Amino acid sequence: MLKERHLSPKTSFPVALGVVVAILALVITGLYHASPPSPVSDSAALSLFSSARALSHLRHIAQKPHPIGTPENAAVRNYLVAELQALGLEPQIQKALAITRSHRWRSAGVVHNVLVRIPGRVPGKALLLAAHYDSTRDGPGAADDGASVAAILEMLRALKSQPALQNDLICIFTDGEEAGLLGAEAFVAEHPWAKEIGLVLNFEYRGNRGPFIMFETSRGNGKLIDGLAKAAPHPLGNSLMYEVYQRMPFDTDMTVFKRAGMAGMNFAAIEGFTSYHTQLDRPELLQQGSLQHQGEILLALAQHFGNIPLDDLQSAESIYFAVPILGMVHYPVSWVVPLCGVLIVLFGAVLALGLKSGKLRAGRTALGSITFLIMVPAIAAACQLLWLGIRHLHPEYQSSLQWDTYNSHWYLLAFVMLVIGIFTLVQTAMQRWLRPMELAVGAMACWLVFLIAASIWLPATSFLFTWPLASMLLALGVLFWQRRTNISSPMHAGLILIGAAPAIIMFAPLIQTSFAGLTPQLIGVVIVLLSLLLGLLVPLIEVLTRRWLLPWLPLVIGILFLAIGSWTSGFDATHPRPNNLFYALEGSTGKAFWLSTDEDLDRWTRTFFPGDAVQRKVPEIFGDRHWQFWAAPAPVFALPAPAVEVLADNITAGTRKINLQIRSLRHAPEFDVYVEGTEVLSSQVQGRIFSQTLLREWRLDAFGIAQEGLNIELKVKAGAPFKIRVIDFSFALPPADFPPRPADMIPQPFGLSDTTAVVRTIAFE
């Protein structure tokens, strides 16, 4: 026998329409608050930051790719020095050999950091503003990180029209960040100013648009967050972001500064990921509002922290998040557990009111919790599977960076609409067993459990559950106290809307930002956030289900957006397809290859490979590594292989010590060194310790090394034969007679595309 359906009275159309309009207004409010400001023209007052003036610098900086060790890198450096001198400042260049030894990087390089210091009125710790001026070899680096360099130049100009700061202001434009944070390593290790830093503000980009967000701080950040909240005109960021960032495989110069014990904050714009490290990272494609937001933050924080003592910034850890009107809300982490206790009491009171009024049944409310706990991961998993299906339908997406796509906004809209529809379908189906308020309170019980877990193990994330849950519990408490659960009337629907407002305003930009940061590849995580929000909105969903607004309208719209995503999936000159092709020459045998790491060949790369080409390992170039390439014979060019000179080879007490001098005879800006066939006990680079523990796979990436080369000393076990493989890279294909890449294609970032590699292998018996 079917269970009785628990239906609320039919909602009038004006009330339903009013609820929809109110929800959309709250969503727009949240998204608008999390958007960058309008650009400021070059005619603005000289005391203001102007994105237009900064953009004039950027056009010089980002004309071409300018990675470390290239003539283009030197040209950008010369421009920076000239512009700083034009401001009446005295820049200096720190030239140093830097070495990075971390879980991600094992590199060395000669860097040329550009620094300038503006003396303050009072002795004390200095404020450091940091950005890197090198780019990757794949793109001109307009956003990453030329825009930050240009913003600092414009900020320095604006500061000239204002009273001198109390503290010394140091600006560093680091070199070699893209090669392993080398410039920051050199500054921290060798420059005397590094010991005088009280606070560092680092500026980055991970796309080319969107608001500027503070996403990372040093520990003990209470005073930093308070300063950000007071000084910045439009501060954005939250303590959840850092918890997420810590668990992702990313580094910036701030990683080095924090490791050296410096207090600091890290800022970035993260939208427009498809431009990241590609030829699309050009000045004309940068969102000027992002640059304006960055500059306003830069100028405001320089004025604030430049005029307060920086000798002791350590304080209690803060929970923080940005909301409209209130700005950056922040409070000590010590408040988290008491607030959690208050929410436990409040939930208990609301539950008791609901049970006493007869509007809730204990067993059915528990069933509501179980239902919600099943719904959230199930819907997220279904969306993740749907994305896998979309990837299978559009294999061309696999050439995109982390499967992000030029049209990913259509997929976000599609998933949001589909999830709203699916959630509503399940809610409607459960009305055979559950009253809407029982599902709502059951979902809130889950929220409370998540809050308790967050308060204990991840307190920085607790705000996400605390304030939306508190607001909604208060609204339901009033309804239960009045012994009403019918919210079809305007007054009671309005009360629930007020209770839901904090959740909608906070979650709308969080969902958008999470999608931009995680890309469609992790759409399931984004859907978890959306499903959590919908759990709080169950009473509002009930209002709309009786007027055919839910579930069918969002389902239809979601399918429509999926169709638009599929229809706009192609590539063109504005949205080019990334592909991979590079040239490799084995110096000893004279074998040359065209190589590609693409999963499938396209119409251009296919012209380099015969019809019977297959993916395989290429031991002639990369030894026995398990890397698979499309491979085809290529013309042999007269390119000298790297020089490997054995300066010493001695055996003592079962240990073999080999001293090598390695040079790129063709002045390539990068060479990589591998030890194959034996374990390395310890090693030194230019007389400095590089590794002290046993390494089964020893590798060094060297950048910007002068013609005299790099000295490497290796200690291995005696008696075992092994090889040393050296590959040098120049950042262009050789001048062969091949068809140019079509306008709707660009080199693939994060790989070897459009490089020329020459190999030298030395065997040791």
Side-chain angles (χ1 to χ4, degrees), residues 54 57 60-61 66-100 108-135 141 145-146 148-160 164-203 253-254 256-257 260 262 264 298 302 305-306 310 686 703-706:
H57 290 301
H60 286 88
I61 293 169
H66 45 279
I68 178 177
T70 62
E72 292 78 14
N73 180 273
V76 172
R77 179 166 63 251
N78 293 338
Y79 176 80
L80 297 180
V81 170
E83 289 301 307
L84 292 169
Q85 290 173 339
L87 290 172
L89 304 174
E90 298 179 0
Q92 62 172 257
I93 296 176
Q94 179 199 11
K95 181 181 178 181
L97 174 70
I99 297 176
T100 297
V110 176
V111 298
H112 299 79
N113 293 332
V114 179
L115 299 103
V116 67
R117 184 169 190 156
I118 303 173
R121 303 190 313 270
V122 180
K125 291 288 188 178
L127 172 63
L128 177 68
L129 305 180
H132 69 89
Y133 74 88
D134 65 306
S135 75
D145 194 24
S148 298
V149 174
I152 292 177
L153 290 176
E154 166 63 5
M155 183 276 306
L156 288 173
R157 184 212 53 75
L159 277 181
K160 286 187 64 181
L165 300 176
Q166 171 183 310
N167 303 318
D168 285 9
L169 175 65
I170 299 173
C171 299
I172 180 171
F173 305 106
T174 60
D175 188 15
E177 192 269 355
E178 301 289 4
L181 318 178
L182 293 173
E185 292 279 6
F187 175 72
V188 167
E190 299 185 22
H191 204 285
W193 291 354
K195 296 181 177 62
E196 303 174 32
I197 303 302
L199 174 67
V200 56
L201 304 177
N202 188 65
F203 294 87
D253 282 341
M254 181 60 75
V256 178
F257 298 138
M262 298 179 188
L298 251 173
F305 288 109
L310 302 179
Q686 290 296 105
F703 300 88
I705 303 302

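Everything quoted here is computed from the prediction, not taken from an experiment.
For Ala131, the side chain to side chain contact (heavy atoms under 4.5 Å, CB included) partners two or more places apart in sequence, or in a different chain, are Asp145, Ser148, Val149, Ile152. Legend: residues meeting ring pair (Phe, Tyr, Trp, His ring centres under 6.0 Å) with His112, ordered by chain and number and at least two apart, are absent. Annotation: ring pair (Phe, Tyr, Trp, His ring centres under 6.0 Å) contacts of Phe305 (sequence neighbours excluded): none. Partners of Arg117 according to the salt bridge (charged side-chain N to carboxylate O under 4.0 Å, His left out) rule, which considers only residues two or more places apart in sequence or in another chain, are Asp168, Glu196.
Residues Thr100 and Val256 are not in side-chain contact: their nearest non-hydrogen atoms beyond the backbone lie 4.5 Å or more apart. Inter-residue side-chain proximity for Ile61 and Leu80 is flagged as met; some heavy-atom pair is nearer than 4.5 Å. Using a 4.5 Å heavy-atom threshold, the side chains of Ile99 and Glu185 count as separate. Residues Thr174 and Val111 are not in side-chain contact: their nearest non-hydrogen atoms beyond the backbone lie 4.5 Å or more apart. Residues Phe187 and Leu128 meet the side-chain proximity criterion, which asks for heavy atoms closer than 4.5 Å. Side-chain contact between Asp134 and Glu177 is present, with at least one heavy-atom pair separated by less than 4.5 Å. By the 4.5 Å heavy-atom criterion applied to side chains, Val110 and Lys95 are counted as neighbours.
Of all non-hydrogen atoms in Met262 and Val188, the two that sit nearest each other are CE-CG2, 4.1 Å. Across all their heavy atoms, Ala302 and Met155 have their closest contact at CB-SD, 4.1 Å. The minimum heavy-atom distance linking Thr70 with Pro67 is given by the pair OG1-O, 2.7 Å. Taking both residues in full, the closest heavy atoms of Gly306 and Leu127 are given as N-CD2, 4.0 Å, listed atom of the first, atom of the second, then distance. When all heavy atoms of Ala126 and Ile170 are compared, the closest pair comes out as CB-CD1, 3.8 Å.
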Starting from the C-alpha separation in whole Å, work towards a yes-or-no answer on side chain to side chain contact (heavy atoms under 4.5 Å, CB included) for Leu165 and Ile118. CA-CA 9 Å; Leu165 300 176; Ile118 303 173; over 6 Å; no
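Between the CD1 atom in Ile68 and the OG atom in Ser135 there is a gap of 11.0 Å [rounded to 0.5 Å]. Here His60 contributes atom NE2 and Leu153 contributes atom CG; the two are 11.5 Å apart, rounded to the nearest 0.5 Å. One distance of note links CD of Glu83 with CG of Leu156; it measures 11.0 Å at 0.5 Å rounding. Rounding to the nearest 0.5 angstrom, the gap separating the CZ atom in Arg157 from the CD atom in Glu154 is 4.0 Å. Between the CD1 atom of Ile172 and the OH atom of Tyr133 there is a distance of 10.0 Å, given to the nearest 0.5 Å. Here Asn167 contributes atom CG and Leu310 contributes atom CG; the two are 4.5 Å apart, rounded to the nearest 0.5 Å.
Every pair tested for ring pair (Phe, Tyr, Trp, His ring centres under 6.0 Å) that includes a residue from residues 165-184 fails, sequence neighbours excluded, so the list is empty.
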Show me, pair by pair, the donor-acceptor contacts under 3.5 angstrom made by side chains of residues 84-94, not counting sequence neighbours?
unit_1 : atom_1 : unit_2 : atom_2 : d
Gln92  : OE1    : His191 : NE2    : 2.7
Gln94  : OE1    : Asn113 : ND2    : 3.0
Gln94  : NE2    : Ala186 : O      : 3.0

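Between His57 and Tyr79, the ring planes lie perpendicular to each other; the angle is over 60°, past the 30° to 60° tilted range.
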